Amino acid sequence: MTEYLVAIGTRKGLFLGRSTDRESWDVERADLGMNSVSAVCIDTRRGQPRLLVGATSGHWGPSVLYSDDLGKTWQEPDRAPISFPEGSGAALAQVWQLQPSRPAEPDVVWAGTEPSALFRSEDGGVTYELVRGLWEHPHRPTWQPGGGGQCLHTVLPHASDPSRVTVAMSTGGVYQTTDSGQSWAPSNGGIVALHRPDPYPEYGQCVHKIATHPGEPDRMFLQNHGGVFRSDDGGGSWSPIGGGLPADFGFPIVAHPRRPGSAFVFPLLGDFDRTPPESRCRVFRTDDAGETWQPLEKGLPQDGFQAAVMRDAMSADNGDPTGLYLGSRSGAVFASGDEGHTWHTVALYLPDVLSIRAAVVG
Amino acid sequence: MRVVVWLPGPLREYVGGAKQLPLDVTDSAVIRDVLDAVGRSHPLLERRIRDELGQIREHVNVFVGTDNIKDLDRLETRLHSGVEITILPAVSGGARHD
C-alpha cells in the first residue's frame, strides 16, 4: 500500500501528515518545538527518505536539522550546518529553501538563505558551504529586501547539466550560472519590476517563485510580484502568461512534475490586497503553458476565504497521479490526489503555513 | 579562575541536562572569552547564544551577577573569580511567533 507523507512547516513548528489515499490524513506535530519552519524538504533520492528543515527559533536563531526516520528523531551537527564564513560580515537569519540536486548527485543539496546567499551541501544536507561566486557578485550590495526580508528563496539545479543552476531572490530577481557557481548573471529579460521607475531593469525584480520541469528544464514558470511569466529558453527571456487569471499577483507557482505544459498558481488580488479573488480558495491550472487557466476548487472553501498561500506553501508530490498540496496563512492545509480536480482537508487551525512538501515514502 | 554559567531550561539539553556549566578561564577573562570557551567545549550551545559574527543573539540576555551585560561593557564585560553568569531568553523573543 502506498504511503504518502506531507511535511508542513509553520510559524510555530513542523507538522507531519500521513495518508494511504491522500484523502484521509493523520497529522502529528513533530518534536521541533516552536521553531518557525520556513523550509522543508523530503529528499527521496536515498533508500530511506531524508527530511530536512530550515528552522528558526525566535530566541536561539536559525539552523538546519535532518531526520532519517521520517520525523521521529532529528539530528543537528555540532558544526553549524549553514554559517557565513569569517570576513563575510554576515550572519544567517533564516533558511528559505532546501533543494535536492539532480538524482545523479545524490549527496548534493542546495540552500537559499536570508541574507540572500546560496549554499551547497555535499553530504546530503547536513553541512553546507557558501557559494562565493554569487555572494561576491557586484550587484549584491544593491539588492533590496522584500517584505519577507532579503532572501534567496528558489534554487533550481538544471535537470541534466550540473554546471547550470538558477536562483531567484526577493528582491534581485533571477540569476543563473553555467559554470557550477563560479560566475552568475542576471536573467530577468521581460520580467516587470512595478516598484521601480524603470519597469524592466537588468535586475532588481521581486520574483516570488520559479518552477521548472525535470523533463524539459528550459521551460520555466515564474510568479512575480505582479505578473506570471514563462520562459522557453531556460530563463534567457520571459513572456507574460497571466492574462487568463483573475489576478496575476501571488506567491507560489508549481510545475507539473511530468507534463511540461502544466503549472499551478494561487492568485491573490494584488500587492495592496493580498487576499484571494472573490474570497474563494482556488488554485488555477494551465495545461497549455499559460495560454488558458482553469480554476480548481472542488473541496476547497468557496466562501469567505481571506488567507494567502506563501511561496513555498504549495507543492506537488512524486506520486502518479500527481498529488498537490497547499497550506494557508490561516493554518488550513488541503491535498489533492488527482492533480487538483478534488481536494481534501489535511488539517485546519494550524499556525500559519510557511512551507509544504510531500512525497511517496512507502 | 573559575566561573559558572547558569543555563535556562531550553539550553540544558546541550550539556546533558545540567543547569550550570563551570568553566575555567584566565584571570583577565571577559564575557567574550567565556563564550569562546563555551564554543570550544559545546559548539551547539554556543551558537544558540550568539551568531557567527560573535554577537549575542537579539533575544538572548546575558547577566553577570544581576546586571545585564548590555548595561555594562557588553562582550568586554570583565569578570571575577566565582562570578555567576546567567543566560536567559528575552521576553521579546517570541515576537515573531505571536
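Quantities reported herein were computed from a predicted structural model and do not represent experimental measurements. In what follows, chains carry the letters A, B, and so on, assigned in the order in which the sequence lines appear, proteins first and then strands, with residues in each chain numbered from 1. In what follows, every heavy atom counts, from backbone to side chain, and hydrogens, waters and symmetry copies are set aside.
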Discussion item. What part of Arg47(B) gets within 4.5 angstrom of chain A, counting heavy atoms only: side chain, backbone, both, or neither?
Written reply: both
Worksheet, complete the sentence: The interface call for Leu11(B) against chain A, heavy-atom contacts under 4.5 Å, is side chain
Within 6.0 Å of [atom1] in [X], more than 12 heavy atoms from elsewhere:
X	atom1	result
Glu58(B)	CD	no
Glu28(A)	CD	no
Lys70(B)	NZ	yes
Asp271(A)	CG	yes

Worksheet item: Rounded to the nearest 0.5 Å, how far does CG of Leu44(B) lie from OG of Ser63(A)?
Response: 7.0 Å
Taking the side chain from [X] and the backbone from [Y], do they hold a donor-acceptor pair closer than 3.5 Å?
X	Y	result
Arg57(B)	Trp60(A)	yes
Glu52(B)	Pro85(A)	no
His59(A)	Ala90(B)	yes

Worksheet entry | Portion of Thr10(A) that has a non-hydrogen atom of chain B nearer than 4.5 angstrom | neither
Worksheet item: Non-hydrogen atoms of chain B under 4.5 Å away: do they reach the side chain of Glu86(A), the backbone, both or neither?
Response: neither
Discussion item. For the interface with chain B, which of Pro77(A), Ser88(A), Pro351(A), Gly33(A) has the highest count of heavy-atom pairs at distances below 4.5 Å?
Written reply: Pro77(A)
Worksheet item: Does the pair Glu76(A)/Arg48(B) count as a salt bridge with the N-to-O cut at 4.0 Å?
Response: yes
